[in-house]
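Working notes, beginning with the structure itself.
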2 protein chains.
Amino acid sequence: MIIAHDAAARLDPTGAVAPQLYRLLREAIIQGEMEPGTRISESEIATRYAVSRQPVREAFIKLAEDGLLEVRPQRGTFVCKISVDSVMDARFVREAIEADIVKALAADPDAALVRDLMAQIEEQRVVAGRDSVAFIRLDERFHRTLAEGAGRSHAWRVVEGQKVQMDRVRHLATRRFPMAALVEQHGAIVHAIGRGDIAGAEQAMRLHLRAILTDLPEVVRDLPNFFEAARTPGRLY
Amino acid sequence: MIIAHDAAARLDPTGAVAPQLYRLLREAIIQGEMEPGTRISESEIATRYAVSRQPVREAFIKLAEDGLLEVRPQRGTFVCKISVDSVMDARFVREAIEADIVKALAADPDAALVRDLMAQIEEQRVVAGRDSVAFIRLDERFHRTLAEGAGRSHAWRVVEGQKVQMDRVRHLATRRFPMAALVEQHGAIVHAIGRGDIAGAEQAMRLHLRAILTDLPEVVRDLPNFFEAARTPGRLY
DNA sequence: TACACCATACTTCCATACTAGTCTACAGGC
DNA sequence: GCCTGTAGACTAGTATGGAAGTATGGTGTA
């Protein structure tokens with residue numbers, strides 16, 4: 001386990017413990033610091049962070065809702081393997097929402113927002129291909145800016161919940177995924193918004209969100225035991 | 001409080017308590033049995049259902065995530081007033097997802113599914129205008145059938161989470177909302193799917209989901225203290 | 001060797017006890 | 001009358017112990 005032994009130091013003793021644990025563990029799982037399939041227990045985490053089992057339990061429940069942990073009563077709690085189905089399910093929801101967001105933005109373009117987005121793309125270009133973690137962070141900011149620019153903070157929170165499944169794959173792929181191409185796709189989205197091209201913006205976003213997962217089959221092949229055995233034999237995608 | 005005093009009888013002692021409490025309370029809030037703004041406490045519910053505070057607490061946390069309760073530490077827990085903003089936020093997300101679902105269905109129409117949906121519409125016609133609770137239940141089934149017909153069970157769960165905000169309004173409006181019109185809109189959606197009219201199906205669904213809330217301003221006017229004071233003075237919708 | 005049985009050491013889930021923060025009502029000083 | 005301070009009754013959050021269920025390793029019996 002990569003987590004520091006003085007992990008308790010990361011906790012702010014003034015605030016509530018349970019949400020802090022949730023965020024810490026969530027981050028650890030998404031970034032792959034806890035391998036899929038790993039077995040953990042309430043008491044183990046509790047002692048590691050020097051808190052009682054109860055807040056740990058609450059964090060576990062939330063992580064289970066996010067599809068990151070599987071709690072099996074009286075048996076144990078496990079870090080979920082990544083399910084290709086879940087990833088595609090998440091992408092579907094995310095695509096639907098973000099497509100409508102950029103449609104709304106293109107219907108009423110805001111010059112200041114477009115400038116902001118273009119500046120962000122420049123930042124992305126700098127780290128593309130060099131620092132995948134930084135890129136993922138910038139990418140997240142870009143998409144959040146779009147949502148909030150459209151006045152859709154709530155929709156963004158929903159997207160955020162879906163995104164975790166996709167982000168796990170990206171952290172596994174690390175520098176495999178084509179950041180430069182993704183940056184160009186960001187540019188296409190913003191340009192379409194800027195010129196008020198509703199259909200174009202929508203199409204650009206949909207293509208972009210599908211491109212994110214082009215390397216998925218490759219990742220599954222290289223790291224098969226990080227993934228669940230497929231549950232659907234038939235076609236779905 | 002309308003809940004029976006022997007409420008504990010509703011709990012299945014063999015299964016886990018927390019999720020059962022969650023479902024019970026969720027139902028009670030959505031159906032308006034617990035008035036918006038009402039203050040409740042963990043211990044109050046715990047004694048009412050003859051369980052300890054802990055599972056109640058876990059149910060409260062989930063309900064808070066659903067936007068149905070507001071937990072204020074050391075202060076108390078309150079049934080959320082309905083926020084018009086939240087309702088519109090939920091509608092946006094729901095519309096985006098369900099629009100993509102019917103587009104997928106229309107792109108590859110399934111005769112058996114269309115027959116099933118048409119039969120459901122007949123059932124809806126029977127109760128329309130007479131039994132709003134039954135209608136809401138049938139309506140839920142209709143939309144779920146669409147989602148699952150497209151192989152999008154996960155997307156439906158997301159919609160389900162959003163729907164609660166809209167359903168609260170409907171239960172307040174009871175027989176005010178125009179069920180007959182909604183049934184006809186269901187028909188328009190299914191017909192568009194049946195003839196493979198992708199754009200038509202999408203448009204029909206979007207119009208339908210907006211029509212659901214036509215009576216919202218009226219409800220707000222008639223029952224103002226069930227609603228939160230608007231948080232945004234500017235235009236957003 | 002192979003299999004049934006059982007003790008033991010886990011696990012989650014629930015109940016109970018305790019801590020710390022917040023609100024309310026009332027007493028006392030001005 | 002009006003403000004301030006404080007005691008007490010709340011609240012949610014956390015800690016801890018126990019109950020019920022499950023996996024595991026060893027033992028006895030063929």
Side-chain angles (χ1 to χ4, degrees), chain A residues 1 7-26 29 34-81, chain B residues 1 7-26 29 34-81:
Chain A
M1 207 61 64
R10 295 192 181 191
L11 291 179
D12 170 15
T14 68
V17 175
Q20 297 185 62
L21 282 176
Y22 167 71
R23 278 192 294 273
L24 280 175
L25 294 173
R26 177 184 152 112
I29 295 172
M34 305 177 88
E35 275 195 19
T38 306
R39 175 187 179 141
I40 57 181
S41 81
E42 294 176 357
S43 45
E44 175 197 345
I45 304 293
T47 55
R48 183 186 305 168
Y49 288 93
V51 296
S52 77
R53 298 192 324 262
Q54 212 52 51
V56 177
R57 171 175 167 75
E58 289 169 14
F60 276 20
I61 291 174
K62 283 191 71 175
L63 291 166
E65 286 165 20
D66 291 347
L68 295 177
L69 287 184
E70 182 183 0
V71 178
R72 298 203 288 195
Q74 276 70 39
R75 233 158 292 206
T77 302
F78 304 82
V79 178
C80 278
K81 296 202 173 193
Chain B
M1 206 62 64
R10 296 193 180 189
L11 290 180
D12 170 15
T14 68
V17 176
Q20 298 185 62
L21 282 175
Y22 168 71
R23 278 192 294 273
L24 280 174
L25 294 173
R26 178 183 150 111
I29 295 173
M34 305 177 88
E35 276 195 18
T38 306
R39 174 186 180 142
I40 57 182
S41 82
E42 293 177 357
S43 43
E44 175 197 344
I45 304 294
T47 56
R48 182 186 306 167
Y49 288 92
V51 295
S52 80
R53 270 182 49 216
Q54 211 52 50
V56 176
R57 172 175 167 74
E58 288 168 14
F60 275 23
I61 291 174
K62 282 192 72 174
L63 291 166
E65 286 165 21
D66 291 346
L68 295 177
L69 287 184
E70 182 183 359
V71 178
R72 298 202 288 195
Q74 277 69 42
R75 235 158 289 209
T77 300
F78 304 83
V79 178
C80 278
K81 297 202 172 190

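For clarity, every value in this text was computed on a predicted model and none was experimentally measured. We name chains A, B, ... by the order of the sequence lines, and we start the count at 1 in each one.
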Salt-bridge criterion met for A:E44 and A:R48 (N-O under 4.0 Å):
yes

Quick check on [N]: is either OP1 or OP2 less than 4.0 Å from any side-chain nitrogen or oxygen of [X]?
X: A:R75; N: D:dA23; answer: yes
X: A:R72; N: C:dT11; answer: no
X: B:T77; N: D:dA12; answer: yes
X: B:S43; N: D:dC10; answer: no

Would you kindly give the [atom1]-to-[atom2] distance between [X] and [N], to the nearest whole Å?
X: A:Y49; N: D:dA15; atom1: OH; atom2: P; value: 15 Å
X: B:D12; N: D:dA20; atom1: CG; atom2: P; value: 16 Å
X: B:L11; N: C:dC13; atom1: CG; atom2: P; value: 16 Å
X: B:L21; N: C:dC14; atom1: CG; atom2: P; value: 9 Å
X: B:R39; N: D:dC10; atom1: CZ; atom2: P; value: 10 Å
X: B:E44; N: D:dA12; atom1: CD; atom2: P; value: 10 Å

Residues passing the salt bridge (Lys or Arg N to Asp or Glu O under 4.0 Å) test with A:R53, sequence neighbours excluded, are none

Does anything in residues 51-63 of chain A come within less than 4.0 Å of DNA chain D? Heavy atoms only, and list the residues if so.
A:V51, A:S52, A:R53, A:Q54, A:P55

Does any N or O donor sit under 3.5 Å from an N or O acceptor when you compare the side chain of A:Q74 with the base of C:dT11?
no

Which of these nucleotides, C:dC13, D:dT14, D:dA12, is closest to any side-chain atom of B:E42?
D:dA12

Can you tell me how far the [atom1] atom of [X] sits from the [atom2] atom of [Y], to the nearest 0.5 Å?
X: B:C80; Y: B:M34; atom1: SG; atom2: CE; answer: 12.0 Å
X: A:I45; Y: A:T77; atom1: CD1; atom2: OG1; answer: 9.5 Å
X: B:F60; Y: B:I40; atom1: CZ; atom2: CD1; answer: 3.5 Å

If you look at every heavy atom in A:V56 and A:E42, which pair is closest and at what distance?
CG1-O, 3.7 Å

So A:L69 and A:V79, side chain to side chain contact (heavy atoms under 4.5 Å, CB included) or not? Walk me through it.
CA-CA 5 Å; A:L69 287 184; A:V79 178; 4.1 Å; yes

